[in-house]
Asks: 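Okay, here's the structure, questions in a sec.
Please read all numbers here as calculations on a predicted model, not as lab measurements.
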Amino acid sequence: MVSRILMTTLIATISLSSYAGTINVYGAGGPHHAFEQAAAAFISLDENRDVKINITYGPLKKWEECAKSISTDCQQKGADILWGTSEHVTFALMEQFKDYGFNNKSTSAIYLRPAVIIVQKGNPKKIDSFSDLINRDDIKKVVVNNQTLNTLTSGTGIWEDIAGREGKLDDIQKFRKKIIYQGRGSGDAFKYFDKTYADAWISWPEWYASHSQKIDIVNILSAEKPIRSLKNIILFASFYTSAVDVFMGLILKL
C-alpha cells in the first residue's frame, strides 16, 4: 500500500536534452523515494542494464543550476526529468525551465494525492480527526505556510483549506492559535516537527513511508481533505528519449 501511495505522488517533466545511457532526475524531497523505487525496478531489467539513473532531490535552490547545466560543480548535469508536487509547483518549474527544453503542452494527470495528519509514533495525543486540531487546546501543530521560488511546495496553506471547509471563520482562528511553527517547506516543517516533538503536521503520505519508524498518520475525512492533482510531461526529441519514455511508463504502472 505504501509503495502504491509513493508511486502516485509525482509530477514528472521530461526535457528535450538527454544523455545516452543516463537519465538525470530532479525534484523535491519526499516523492524522491518513489523515483528511487522505480529506478531500481527499471535498471533491474536486462534490457536496461546499460542505463544509469541519477536522482537528485531537495529544495529547488539545491539543484536548479545543475538541472540547467549552468554550474560546473555538479556530478550530474542537465535534467531529463523534473518532478513537482502540485499544479502550482509545476507551473513555477515550467517558467523556470522553459528555456531549457521543457514544455507544458504534453502534460497529463498521473494521480491524486490526499493530505493526512502526521502524528508522533503511537499517536500519544490520541488525535482522531481534524476537528481535534481545531477544538483541542493541548495539540501543538506545525504547518507549511511559505511559498517562494526557492521553497516550492505543495503543502503551503493546506491547513487553511481544511479548517475553512465548513465556512466558519472561528475554526481558522482557533487552529491558528495553536500553530507553533510555520515551515518554509515540507522538509523544514518535518525537521521542526521531529526536533520539537510537536503533536500534528498536515502533510502527505510519502513522509510516513519515509519515516514510519518515527511517525504515524491519521486520515482526514474525504469531505475535508485537500487533493493535489499530479502531472506527467513528456517530450520525444532527444537521442535517448526511448529509455526515458520506458522509465516514465514504469512509474505510471506502479
Side-chain angles (χ1 to χ4, degrees), residues 1-85 89-90 93-94 96-111 113 152 187 204-207 209-211 230-254:
M1 178 62 179
V2 169
S3 294
R4 177 59 179 165
I5 291 173
L6 278 174
M7 295 314 303
T8 59
T9 61
L10 311 175
I11 294 173
T13 306
I14 297 178
S15 77
L16 288 170
S17 61
S18 187
Y19 298 90
T22 300
I23 301 174
N24 293 322
V25 188
Y26 295 83
H32 69 279
H33 291 287
F35 273 106
E36 290 173 341
Q37 290 177 9
F42 182 83
I43 62 177
S44 69
L45 302 176
D46 288 342
E47 59 267 32
N48 301 324
R49 61 182 179 274
D50 294 326
V51 178
K52 181 179 181 181
I53 301 177
N54 301 312
I55 297 174
T56 303
Y57 61 91
L60 175 63
K61 61 184 178 181
K62 173 183 175 181
W63 48 261
E64 180 179 5
E65 292 189 352
C66 292
K68 291 179 176 178
S69 293
I70 59 177
S71 173
T72 58
D73 188 26
C74 305
Q75 291 184 339
Q76 292 86 37
K77 286 188 178 182
D80 299 296
I81 299 172
L82 298 175
W83 79 80
T85 47
V89 172
T90 300
L93 287 175
M94 289 302 93
Q96 287 299 303
F97 285 84
K98 63 184 178 183
D99 295 329
Y100 296 87
F102 288 85
N103 192 305
N104 201 32
K105 292 182 179 179
S106 57
T107 301
S108 60
I110 297 177
Y111 211 75
R113 179 177 56 157
L152 293 174
W204 310 111
E206 66 263 25
W207 287 95
S210 303
H211 303 279
L230 308 169
K231 294 178 174 60
N232 174 49
I233 305 170
I234 305 177
L235 299 179
F236 306 96
S238 66
F239 178 74
Y240 213 67
T241 48
S242 58
V244 174
D245 183 28
V246 174
F247 179 50
M248 288 307 307
L250 177 63
I251 289 177
L252 292 171
K253 291 177 181 178
L254 291 177

Asks: Test your reading of the model: is there a side-chain donor-acceptor pair from Ser210 to the backbone of Trp207, 3.5 Å cut-off?
Replies: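 A pair under 3.5 Å: no.
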
Asks: So, for Ala41 and Leu45, which heavy atoms are closest and what is the spacing to 0.1 Å?
Replies: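 The answer is O-CG, 3.7 Å.
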
Asks: So, Trp83 side chain and Ala28 main chain: donor-acceptor pair closer than 3.5 Å or not?
Replies: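 Yes: the side chain of Trp83 pairs with the backbone of Ala28.
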
Asks: What's the separation between atom CG in Asn54 and atom SG in Cys66, rounded to the nearest 0.5 Å?
Replies: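 The CG atom of Asn54 sits 11.0 Å away from the SG atom of Cys66.
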
Asks: Which value, rounded to the nearest 0.5 Å, describes the distance between Lys98 atom NZ and Leu93 atom CG?
Replies: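 Here the interatomic distance stands at 13.0 Å.
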
Asks: Would you say Lys62's side chain and Thr56's backbone share a donor-acceptor pair under 3.5 angstrom?
Replies: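 Between the backbone of Thr56 and the side chain of Lys62 there is no qualifying donor-acceptor contact (under 3.5 Å).
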
Asks: Should the heavy atoms of other residues, nucleotides or ligands under 6.0 Å from CZ of Phe97 be counted, would the total exceed 12?
Replies: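 Yes, the 6.0 Å shell around CZ holds more than 12 heavy atoms from other groups.
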
Asks: To the nearest 0.5 Å, what is the distance between CD1 (Ile81) and CD1 (Ile53)?
Replies: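 These two atoms lie 7.5 Å from each other.
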
Asks: How close do Val51 and Ile43 get, counting heavy atoms only, and between which atoms?
Replies: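 Closest heavy-atom pair between Val51 and Ile43: O-CG2, 3.6 Å.
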
Asks: Within this structure, what is the CD1-NE2 distance for the pair Ile55 and His32, rounded to the nearest 0.5 Å?
Replies: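 So the gap between those two atoms works out to 8.5 Å.
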
Asks: Hey, could you give me the CD1/CD distance between Ile70 and Glu64, rounded to the nearest 0.5 Å?
Replies: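 Going from CD1 on Ile70 over to CD on Glu64, the span is 6.5 Å.
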
Asks: So which heavy atom on Gly78 is nearest to which on Ser69, and how close?
Replies: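 Result for this residue pair: N-OG, 2.9 Å.
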
Asks: Is there a donor-acceptor contact under 3.5 Å from the side chain of Asp80 to the main chain of Asn24?
Replies: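 Confirmed, Asp80 side chain pairs with Asn24 backbone.
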
Asks: Do the rings of Tyr26 and Trp63 sit parallel, tilted or perpendicular, given the 30° and 60° boundaries?
Replies: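 Because their plane-to-plane angle lies in the 30° to 60° range, the rings of Tyr26 and Trp63 count as tilted.
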
